[in-house]
Novice: 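First the structure, then my questions, so here it is.
Just so it is clear: chains get the letters A, B, ... in the order the sequence lines come, proteins before strands, and each one is counted from 1. We use all heavy atoms of the structure for the numbers below, so side chains are in, but hydrogens, waters and symmetry mates are not. None of the values given here were measured: they were computed from a predicted structure.
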Amino acid sequence: MYPSFDSIIENLNAGKTYTFPGGVHPDDRKSLSNKDSIISPSIPPLLVIPLRQHIGSDGVCCVEVGEHVLKGQPLSQSSSPFSVPVHAPTSGEVVAIAPHVVAHPSGLTEMCVSIKPDGKDTWCELSPLTDYVEQDKSELVARICQAGISGMGGAGFPTHIKTSTSKPVEFLVLNGIECEPYITSDDRLMREHAWQIRQGLDILTHLISPKAIIVAVEDNKPEALEALNIACQDKDEYRVVSVETKYPAGGEKQLIQVLTGREVPRNGLPADVGVMMFNVGTCYAIADAILHGKPLIDRIVTVTGEAVKAPRNFKTMLGTPVSHLLEAAQYNPKKQKAPKVIMGGPMMGFTLSDATIPVIKTTNCLLVPSKKELVDDNAERACIRCSACADACPASLLPQQMFWHAKAKEYDKAEEYDLFDCIECGACAYVCPSEIPLVHYYRQAKAEIRLQRDEKNKAEKAKQRFEARNARLEREKLEREEKHRKAKEARLAANKAKEQAALNKEQTSPAPSDAKDKVAAALARAKAKKAALQAGNADTTSEVSETSPPTDDKKAQVAAAIARAKAKKAAQASNSTEQAVDATNTDTTSDDKKAKIAAAVARAKAKKAAQASNSTEQAVDATNTDTASDDKKAKIAAAIARAKAKKAAQQSDSQTQTVETNSDAPNAEQSPSVNSGTDDKTSDNDEQDEKKARIAAAVAKAKEKKAKQAQLEQSSEQSSSPQDASDSVVDDKKARIAAAVAKAKAKKAAQAKADSERENNTE
Amino acid sequence: MKLSLSSSPHQRVKRDTGQVMRMVIYAMVPGMIAQSFFFGWGVLIQAFIAVLSAVVFEGIILALRNKPIERTLTDYSAVLTGLLIAISIPPTLPWWMTVTGVFFAIAVAKQVYGGLGFNIFNPAMIAYVVLLISFPAAMSLWLPPATHAEVVPTFFDALSLIFTGFTTSGYDVTQLKTVADGVTMATPLDTLKTDLTLGVTYSESLNKPIFDGGYFDAVGAGWGAVSLAYLLGGFYLVKTRIISWHIPGSIIVSVFVCALLMHLINADYYASPLFHLFNGAVMVGAFFIATDPVSASTTPKGRIVFGAAIGFWIVIIRTFGAYPDAVAFAVIIMNMAVPLIDYYTRPRVYGKKAKSSAGGRP
């Protein structure tokens with residue numbers, strides 16, 4: 001149901017109101033305290049002012065301990081839109097700024113400023129704004145905030161936020177209902193200060209510019225109605241409406257429903273249905289703030305119940321401890337079974353844990369019941385499903401269902417029954433014949449549900465973080481693997497490229513001068529020597545020392561490689577038909593053998609280069625191996641021989657063959673680098689030489705075998721006999737063959753040379 | 001000063017469960033007076049037996065269950081159950097049958113489920129049905145109203161009947177049922193049922209002597225007065241807001257409407273609405289039995305549905321069923337449906353749109 005503005009006005013004009021479902025009619029017991037006028041009690045010996053007396057956050061404290069403050073001086077500044085300052089209710093000295101028990105059912109402490117009054121009650125400088133109509137609205141709103149005004153009806157919503165709304169307001173309602181039994185503070189205020197309330201209404205109307213203005217009072221307060229009628233008589237648009245007495249008609253949502261027939265949507269605000277509501281006490285305070293410049297420092301508090309001898313209303317300074325007021329009302333503890341003070345009314349008030357708890361902006365009553373007045377024993381019986389609670393609920397809930405589920409801790413079901421729509425008015429528990437404390441169950445269920453929601457949120461966040469972390473680790477792992485793979489590929493590629501480049505270089509690059517070659521070769525030699533010396537090997541040879549440690553190996557390798565390259569170049573430069581083969585060092589593992597091989601090769605090439613002036617001849621190094629016959633040597637020899645054989649096969653028009661065999665030679669000079677080259681002046685000889693070479697290889701094989709058997713005893717200058725390699729027998733054999741071939745050739749060449757020389761000499 | 005703590009609200013309405021039950025008992029008084037006027041002392045003796053055995057049985061079971069005996073007994077629910085059984089059974093029923101019925105009501109229909117507040121079925125009606133099915137003959141021996149009876153049993157007669165089966169003069173119940181002209185007189189409902197099977201029409205049946213003396217033609221003598229007395233008690237309950245008008249109102253309206261429809265279809269076979277309303281236990285059922293809070297529906301709309309369905313069943317079972325009266329069966333059938341009814345008739349909560357509330361997902 002959403003009646004239009006016009007139909008509501010029509011209704012009001014006819015003197016009718018809507019109604020809300022449910023509700024109860026407790027004894028109102030107002031006559032206890034509404035007969036006497038408001039008086040001010042004496043100034044208490046200590047005032048404890050909590051920094052937070054509203055919905056929102058504390059203001060920033062702006063006084064220090066020991067400071068002397070004046071009445072009305074701000075004690076805190078507003079630090080955010082939802083914080084409202086507090087002021088000193090009287091002049092005095094700040095004795096403490098510390099946590100103190102505050103007015104909350106939990107009995108927990110909050111930050112409070114304690115002031116010891118000096119009794120003089122001196123005001124600070126006030127700056128009223130009587131011509132507020134001329135002022136900017138924002139200025140008025142700021143004043144309201146600075147005056148520390150928040151809702152005084154019970155909730156404590158910061159007033160300046162409400163008054164600075166941008167939504168259009170259809171109805172401005174002043175709530176003078178005061179539906180709870182026993183409480184009469186608003187009643188007396190309306191009776192005695194109706195004019196100032198009216199002034200506050202003027203200010204609010206100016207600020208908010210509503211379409212209609214309603215002042216609502218329950219019909220059990222005829223004097224208040226009359227007073228307000230008189231105060232508002234000159235303005236027709238101020239409608240003073242009498243509302244049928246039914247608890248809880250004073251609840252914001254219920255009063256809106258009674259006056260306008262509209263319902264505030266769940267999780268919404270009254271502004272959503274075009275209504276803005278203020279308590280009459282708040283309205284009074286607004287008038288004080290704007291017209292007199294006075295901040296909110298006191299309020300009317302009813303002290304009532306049968307356990308006080310003189311119940312009445314007191315104009316109490318904020319921060320007054322409850323005990324001071326009880327004393328002023330002549331509290332008689334004997335009338336109570338156990339001392340009990342309720343702050344608020346009997347339906348929604350909460351018991352205080354301590355008598356030093358201070359009065360705050362939302363305190364409207366202190367109820368001190370005698371033992372026969374509010375009987376409250378733990379007499380909970382089984383629920384008989386009579387549904388009296390459902391009949392009483394103003395929010396049309398099903399209290400017994402919420403009770404069943406809350407008791408069974410089935411919180412999801414309780415929520416399904418709209419537990420959070422409960423306004424905790426207490427009407428259900430009021431009527432329950434089985435005396436079940438229904439509201440208590442709902443409060444506990446709500447607290448549990450909130451805790452569960454919190455934990456669920458935290459768990460959700462933790463889970464998200466965990467998953468993100470896992471994803472990140474995964475990602476990093478993949479990236480790492482990717483990197484490794486790429487590096488490996490690059491490495492392989494680089495090696496291949498290097499190989500290729502090396503091959504290409506041998507075939508195509510031009511050679512530097514002989515001198516450079518010599519220098520390079522010498523350098524290589526020197527480095528190799530160094531390496532060997534560092535290894536600690538005694539080496540008598542001048543050429544190369546072997547068995548170097550790994551680090552020296554590397555250096556030796558590098559040096560050897562450089563030397564090799566240069567030697568190759570030199571060799572190729574001197575004889576374009578020559579081909580140098582470095583067939584032995586294709587793999588890059590750092591190795592003693594390799595280094596040595598390289599060194600030996602380098603040496604050989606250097607020698608060649610030196611002898612290369614005569615393009616028809618080539619030097620041949622006869623090599624001898626020592627009897628410490630290595631596998632390595634054999635391998636090297638084999639490899640070299642293989643390469644040479646290959647080359648020979650590939651040569652289409654080659655006049656010379658150079659075969660170098662390198663070996664791991666402890667004796668440099670004995671290193672079995674066999675260079676057998678045959679000088680052939682005629683191309684015919686090539687083929688023959690090949691054949692001869694092959695034959696020689698076979699012969700060599702046989703000899704190898706023999707040599708192997710006799711290896712231990714002999715050390716000879718003859719060509720090395722390759723020993724068995726531990727790796728493979730085949731390699732061994734091949735090595736042997738190759739070595740033998742080489743030897744044979746060498747011999748032949750030498751013989752041929754010798755013969756030719758002899759022939760030359762003799763002629 | 002150490003202050004004691006409690007949770008709001010701090011005051012209660014001055015009417016606890018015991019008081020509610022007591023007020024229902026008070027509301028039954030006019031009806032019981034009328035019943036004992038027309039049918040003798042038997043009703044009151046049965047009431048005594050039933051209440052005593054109910055309290056004793058409940059006390060024993062509470063002791064067995066280790067529950068607080070006095071606190072539970074002072075909720076007067078056992079007393080009320082006993083009384084409801086007492087007014088439902090024939091006043092001359094042998095005492096041990098009464099005790100058996102009460103045992104079933106208290107021990108089986110109430111305590112086995114968990115005690116007050118946890119029972120699904122109305123205990124008094126369970127007792128009645130158990131007795132009806134177990135002892136059909138004895139349960140149909142109703143005395144004729146005093147205005148028509150040949151022999152009206154005195155107090156001692158009634159006592160002796162209940163405990164021995166015979167009056168002090170030696171009559172038994174069947175003999176007592178004889179009236180002046182030698183015909184045994186049954187209840188109005190019984191009479192009509194038998195007559196219909198014999199081919200007698202409804203209006204012809206109304207000529208039987210049992211229907212003389214009632215203020216409407218259709219209303220039986222004595223029985224009509226009793227129903228009226230219970231109706232008055234029921235008004236008292238509604239006025240004092242012990243019960244809400246929804247259940248009794250909808251039962252009465254539903255019985256009226258269903259009977260009217262059937263009567264209009266065929267006035268010869270189907271009894272008129274007034275016949276149904278004032279004969280038998282409709283009034284008692286509407287105000288005292290169906291409104292038992294524990295076993296009835298709790299939402300306002302649900303209560304109307306609950307009552308309407310009960311009324312429907314009463315008329316149907318009376319007309320087409322084997323037993324003359326059907327209030328007990330109708331109530332028990334609807335007790336079974338209460339959770340379903342409650343679920344689908346949830347009221348719309350403040351601030352929520354109508355569509356998204358009542359009748360939500362199961």
Side-chain angles (χ1 to χ4, degrees), chain A residues 20 24 26 181 253 257 263-266 268 323 333 338-342 344 346-355 367 369 373-376 379 381-387 390-391 394-398 400-401 416-418 421 424 426-427 429-435 437 439-440 443, chain B residues 1-21 23 67-68 71-72 74-75 77 114-119 241-244 246 291-300 302-303 338 342-343 345-354 356-358 360-361:
Chain A
F20 66 90
V24 290
K253 290 184 176 172
Q257 197 173 13
E263 288 180 17
V264 177
R266 141 194 285 206
S323 53
K340 179 195 273 205
V341 179
I342 297 169
M347 301 295 285
M348 289 181 76
F350 55 91
T351 45
L352 296 174
S353 54
D354 194 83
L367 173 57
E373 212 173 358
L374 299 184
V375 180
D376 180 50
R381 283 204 166 108
C383 166
I384 61 169
R385 292 168 41 90
C386 64
S387 238
D391 293 337
S396 308
L397 297 168
L398 285 177
Q400 84 257 38
Q401 298 290 359
E416 239 186 73
Y417 277 98
D418 306 310
D421 282 327
E424 295 180 22
Y430 176 78
V431 293
C432 180
S434 298
E435 296 183 41
V439 184
H440 203 35
R443 284 203 199 106
Chain B
M1 185 175 14
K2 197 81 163 74
L3 301 172
S4 66
L5 301 173
S6 58
S7 180
S8 76
H10 305 281
Q11 64 181 27
R12 299 224 127 74
V13 84
K14 298 251 185 317
R15 186 196 277 178
D16 67 345
T17 313
Q19 263 175 315
V20 170
M21 298 288 176
M23 287 176 80
K67 300 272 181 191
R71 239 174 68 90
T72 317
T74 49
D75 68 14
S77 56
L116 181 66
F118 298 94
N119 45 303
R241 301 177 67 167
I242 300 284
I243 59 176
S244 69
H246 302 87
T291 52
D292 170 40
V294 183
S295 52
S297 178
T298 53
T299 63
R303 283 172 170 163
V338 158
D342 272 353
Y343 188 82
T345 55
R346 277 166 58 183
R348 183 189 67 86
V349 172
Y350 179 104
K352 256 174 121 176
K353 300 252 183 299
S356 57
S357 70
R361 321 176 296 280

Novice: Is chain A contacted by the side chain of Arg303(B), its backbone, both, or neither, given a heavy-atom distance below 4.5 Å?
Specialist: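 Contact with chain A involves the side chain of Arg303(B) alone.
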Novice: Does any heavy atom of chain A fall under 4.5 Å from the side chain of Asp342(B), the backbone, both, or neither of them?
Specialist: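 Side chain only.
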Novice: Can you tell which of Glu435(A), Arg443(A), Gln400(A) has the highest number of heavy-atom pairs within less than 4.5 Å of chain B?
Specialist: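 Winner by heavy-atom pair count: Glu435(A).
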Novice: Taking all non-hydrogen atoms of both residues, which atom of Leu116(B) and which atom of Ser77(B) are closest, and how far apart?
Specialist: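 Leu116(B) and Ser77(B) have their closest heavy atoms at CD1-CB, 3.9 Å.
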Novice: Measuring heavy-atom distances to chain B, does Ile342(A) have an atom under 4.5 Å in its side chain, in its backbone, in both, or in neither?
Specialist: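 Only the side chain of Ile342(A) comes within 4.5 Å of chain B.
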Novice: Please classify the contact of Tyr417(A) with chain B as side chain, backbone, both or neither, using a heavy-atom distance under 4.5 Å.
Specialist: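 Backbone plus side chain of Tyr417(A), per the 4.5 Å heavy-atom cut-off to chain B.
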Novice: With sequence neighbours left out, write down each residue that passes side chain to side chain contact (heavy atoms under 4.5 Å, CB included) with Pro181(A), or none if nothing qualifies.
Specialist: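 Once residues adjacent in sequence are excluded, the partners of Pro181(A) under the side chain to side chain contact (heavy atoms under 4.5 Å, CB included) criterion are Pro26(A), Pro346(A), Met347(A), Gln11(B).
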Novice: Please flag which part of Ile384(A) lies under 4.5 Å from any non-hydrogen atom of chain B: side chain, backbone, both or neither.
Specialist: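 Ile384(A) touches chain B through backbone and side-chain heavy atoms alike.
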Novice: Could you check which of Gly426(A), Ala427(A), Pro437(A) has the highest count of heavy-atom pairs closer than 4.5 Å to chain B?
Specialist: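 Counting heavy-atom pairs under 4.5 Å, the top option is Gly426(A).
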Novice: Please name all residues satisfying side chain to side chain contact (heavy atoms under 4.5 Å, CB included) with Glu263(A), sequence neighbours left out, ordered by chain then number.
Specialist: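 Here the qualifying residues are Gln257(A), Arg348(B), Tyr350(B).
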Novice: Which of the residues Ala355(A), Ser353(A), Ala338(A) is involved in the greatest number of heavy-atom pairs with chain B at under 4.5 angstrom?
Specialist: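 Highest number of heavy-atom pairs under 4.5 Å: Ser353(A).
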Novice: Is it the backbone or the side chain of Val20(B) that comes under 4.5 Å from a heavy atom of chain A, or both, or neither?
Specialist: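 Interface part for Val20(B): side chain.
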Novice: Tell me, do Leu397(A) and Asp421(A) make a side-chain contact under 4.5 Å, heavy atoms counted?
Specialist: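 Leu397(A) reaches Asp421(A) side chain to side chain.
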Novice: In sequence, state the C-alpha distance, the side-chain angles, and the governing distance for Asp418(A) and Arg266(A), and then conclude on salt bridge (Lys or Arg N to Asp or Glu O under 4.0 Å).
Specialist: CA-CA 10 Å; Asp418(A) 306 310; Arg266(A) 141 194 285 206; 2.8 Å; yes
Novice: Looking only at heavy atoms, which two atoms of Cys383(A) and Ser434(A) are closest? And how far apart?
Specialist: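 Cys383(A) and Ser434(A) have their closest heavy atoms at CA-OG, 4.2 Å.
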Novice: Which pair of heavy atoms, one from Met23(B) and one from Arg15(B), lies closest together, and at what distance?
Specialist: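 Of all heavy-atom pairs spanning Met23(B) and Arg15(B), the closest is SD-NE, 4.3 Å.
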Novice: With chain B, which of Pro394(A), Gly349(A), Ala382(A) has the greatest number of heavy-atom pairs at distances under 4.5 Å?
Specialist: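 Most heavy-atom pairs within the cutoff with chain B belong to Gly349(A).
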